Each structure stands twice: as structure tokens, then as C-alpha cells.
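To start, the structure itself, in C-alpha cells.
Given the structure is predicted, the values throughout are model-derived calculations rather than measurements. Heads up: numbering here begins at 1 and tracks the sequence.
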Amino acid sequence: MNIAIVGYPTYGGSGVVATELGKGLAHRGHNVHFLSYALPQRLDSIEANISFHEVSVNVYPLFQYPPYDLALASYMVNLVEHSDIDIFHVHYAIPHATSAFLAKQILGEKGRNVPIITTLHGTDITIVGSDPNYTPVVEFSINQSNGVTAVSEYLRDETYKRFKITNEIEVIPNFVDIDRFRKSDKEHFRKALCPDGEKIVVHVSNFRKVKRVTDVVEVFSRIRDSGVDAKLLLVGDGPERQNVEAKCRELEVCADCRFLGKQEKVEEILSISDLFLMPSGSETFGLAALEAMSCSVPVISSNIGGLPYLNLHEETGYVCELGDIEAMSNYAIKLLKDEKLHNRLSDNARKRAEYFEQGKVVEQYEAFYERIREEMHAGISGS
Ligand code: GMT
């Protein structure tokens, strides 16, 4: 198949899933076209059957808000006319599902019927999509897609609750490349960061408010107060960075916190980590936690959204009430002090991650594409 994948290029779950899926599909022989406003972060290797199309928006003095969604729709139309696309798969509803709808309408006028699959990821439904400024358009665009998937049952149910959805939503979970994300020997790296054998606590995110990164610092401070020698590695960057730095100063833990920024080889950092913290206020799946688990790192997370499904309480880590810093800290201290317990949870985390192995999930998407194409040809799918 010739598959066009639209997504965000940035350091964030939906972009990672879109890119890794495209790479997996290319590996299985499909021709994959990525469309975005910049090269996706995880598109780090050159393959014969992968192309990247940069969608640019021309600036014009009249535009306070350059219309990216229109430029994207136009690009999608042009791509079909010149590259014979069999299917569009858009990730994150806003604005991608809307641009796709527009492109589909224009192509329809030209006698071309290309199916649109929309994958819902999280904040496109739970935060941004639920903003009344966007709701009618998001709802309409989801209903106009030929196939809709959500990354967890939680997200599917939330979508049905928050919008009037006439389409069936298929759950296809997130996935991980368990060969790339596995614990590897990076002792030299660990020694450089922790010369005195300190434990390593890690957090990876886009530092948005919803990630509650200041909670991570609070938990880390309590770990230190308990007498456990530890360092905190903060991977990623974003709007909360200044507040997180301020929290480090307030709690006087700056000397033991390392802000590593946006890293490409996250698996190397995870390989030396002892504990992953994800205290998020909203999380439909928790891909960053899955990648940590795949590197045998136990997770302490909040109990919201899809997290309790991924992170099994007392098996792969611990699941706590949202904002319960004390419980998170107590579990962290217990885990970092008890080697036997830590080994058990690490092994379980890896086993749980294997359940979300990339190959199986890529096949699920492939089967979904086939089904939607068949239904469309039979005249029974979507709009
Ligand atoms: O908010 C983010 O972390 C990024 C966001 C995205 O769509 O880029 O992530 C969402 O999608 C990920 C991939 O499907 C999920 O693993 C994350 O749980 C989800 N984030 C939230 O729901 C906050």
C-alpha cells in the first residue's frame, strides 16, 4: 500500500507513535509518506520506501494566524494526484482530521476516493478537543473519518462521553520497539553521572502543565530526605521548565537534578535508570512509561486515564491517587531500598512491555486499513 501519515513532528507521544508506525509499515514493504511541518524527531534513518513532505505555510502580512490546516489539506490533495496514495492516516484530531476531511471533499470532486483513518491520542480529546472553541469541528471531523482508532479503552470511552460520535472507535494500543528499548550496558554513563553509586530516578515528558513535573521534584526531594542517595534525570523540555527549576531551588535539590533536554537516545538514559515517575494529571496511555518499562524500569504513576491499565499496581510499579506525593514518595523509597523487590518489579515491567510489542500492533493497523478499504469499496464505511 501507499500510505500517507500525518502527524506532529515534535517531542510528544502522538508524533512518536505516528513515526514509529510509519517506520514499521515501511519495514513490512509499504511505501510510507510522512507529512508534517518539520522532520519528525524519530525519523532518524533513511529508507528507500519512506519519504518526508514538509508542509510549509507562506507568510502574508494579513495572516496573524497562518492557515497551516489549509496548507496541509492542499498538500494532501497534491500528494494523491502525484503519488497514488491508498490511504491517509492522521494522528491527533486537531487539525489533522479536519484537513483530511477537506482534502477528501476536494479529491471526491476529482473522482478520487481516498479513505481517511484518524487516530485519537489524548489531549486532542481530553483537553484541546473539549475546548468549546474547537468541539464542533473536532466532533464533525471524527465522524467524517472512514475509520477511527483510539490508543486506549479509556480514550475511546472518553471520546464517546464528550462528543456525539456516530463512528465506531477501534482501540489499537500504543506500542514499543522492544529490541531498541531494552536495558543495555551503559555502566560508563551511569558512573559519569553517579560516581558514588547513587540511584537514578528519571522523568521524560514535554514539560506541559498536565505532566505535573513539579510533583516529580517533590517526590525526588522526599526520596533524598529519606537518606537514599539519588540523582534525578529530567528528559525533555517545555513550558513548565522554569517552574520546575524554581521548585528545584525551593527544595534545595538543584545539585542532584540534571536537566538533559530533548534527547534522541532515550533508551540509553532509561538503561541506567532505577525508577520512572509519571505523576500526570491526564494520560490516555503513557507511552513514555511504556518505553521505560521496556528498559526494565519500574514506574510510579498516578491512577488516571489509561495508566492503571499499563502500569500494574505492585507488579510493574505503583499506581497512586493523583497528587498524592506522600504515597508516591513512600513507594519510591521502599522500592529503591529493597533490591529484591526492585528486581521483581523490573522483570515484570519488561514482561508487561513485551505485551505491547511493535510488530503485533503494526499488524493490527495493517488489518484495520484493509478492513476500512474493503468496507469503503463495498460502500459501508464512514461517510
Ligand atoms: O500530551 C502529551 O504527552 C503528548 C500527547 C500527544 O498526543 O502528542 O500524548 C498523548 O498521546 C500519547 C501517544 O498516544 C499517549 O501515550 C499520552 O498518554 C497522551 N497524553 C495525554 O493524554 C496527556
Side-chain angles (χ1 to χ4, degrees), residues 12-13 121-123 125-131 151-155 157-158 161-162 199-226 228 230 232-254 256-257 259 273-290 292-293 297-337 345 349:
H121 280 273
T123 50
I125 297 301
T126 56
I127 299 179
V128 197
S130 297
D131 175 341
V151 299
S152 63
E153 285 182 17
Y154 166 81
L155 180 57
D157 298 346
E158 279 301 300
K161 254 189 247 163
R162 292 169 189 247
K199 300 288 181 195
I200 296 184
V201 179
V202 69
H203 172 78
V204 182
S205 79
N206 47 26
F207 282 52
R208 288 196 224 140
K209 213 168 187 61
V210 70
K211 301 293 174 183
R212 300 178 68 108
V213 193
T214 49
D215 284 10
V216 170
V217 180
E218 296 254 11
V219 170
F220 178 70
S221 169
R222 291 184 187 212
I223 293 173
R224 294 291 323 276
D225 290 348
S226 77
V228 174
L232 174 63
L233 304 184
L234 292 152
V235 182
D237 213 327
E240 278 293 283
R241 169 73 181 258
Q242 294 305 320
N243 288 339
V244 178
E245 286 189 14
K247 183 58 83 178
C248 290
R249 286 193 291 274
E250 180 196 321
L251 298 175
E252 298 180 357
V253 290
C254 296
D256 293 314
C257 297
F259 286 84
S273 300
D274 299 296
L275 172 63
F276 186 94
L277 296 179
M278 185 175 259
S280 304
S282 174
E283 206 72 64
T284 56
F285 186 90
L287 183 64
L290 173 61
M293 289 161 69
V297 185
V299 172
I300 294 181
S301 71
S302 50
N303 65 351
I304 46 86
L307 285 175
Y309 169 69
L310 173 67
N311 182 26
L312 307 177
H313 187 60
E314 296 188 326
E315 282 188 42
T316 62
Y318 297 97
V319 178
C320 305
E321 289 294 323
L322 177 62
D324 192 344
I325 310 271
E326 193 177 342
M328 289 188 204
S329 310
N330 290 343
Y331 281 129
I333 295 160
K334 176 171 141 172
L335 189 57
L336 294 172
K337 280 186 172 171
L345 267 55

Flag side-chain contact, heavy atom, 4.5 Å: Val213 against Ser205: yes

Passing candidate, side-chain contact (heavy atoms from CB on, under 4.5 Å) with Ser221, options Leu251, Val216, Leu232: Leu251

Aromatic ring pairing Tyr318/His313, orientation class (parallel under 30°, perpendicular over 60°, tilted between): perpendicular

Expected output: side-chain Ser152 to main-chain Thr284 donor-acceptor under 3.5 Å: yes

Nearest non-hydrogen partners of Thr214 and Asn243, listed with the distance: CG2-O, 3.9 Å

Asn311 side-chain N/O to Val299 backbone N/O, donor-acceptor pair under 3.5 Å: yes

Heavy-atom closest pair, residues Ser280 and Ile304: O-CG1, 3.3 Å

Residues, nucleotides or ligands: over 12 heavy atoms within 6.0 Å of Glu314 CD: yes

Contacts of type salt bridge (Lys or Arg N to Asp or Glu O under 4.0 Å), residue Glu153, not counting sequence neighbours: none

Cationic N near anionic O, under 4.0 Å, Glu218 to Arg222: no

Salt bridge (Lys or Arg N to Asp or Glu O under 4.0 Å) partners of Arg162, counting only residues at least two apart: Glu158

All salt bridge (Lys or Arg N to Asp or Glu O under 4.0 Å) counterparts of Lys199, not counting sequence neighbours: none

Other residues, nucleotides, ligands: >12 heavy atoms within 6.0 Å of Glu326 CD: no

Nearest heavy-atom neighbours spanning Leu307 and Phe285: CD2-O, 3.7 Å

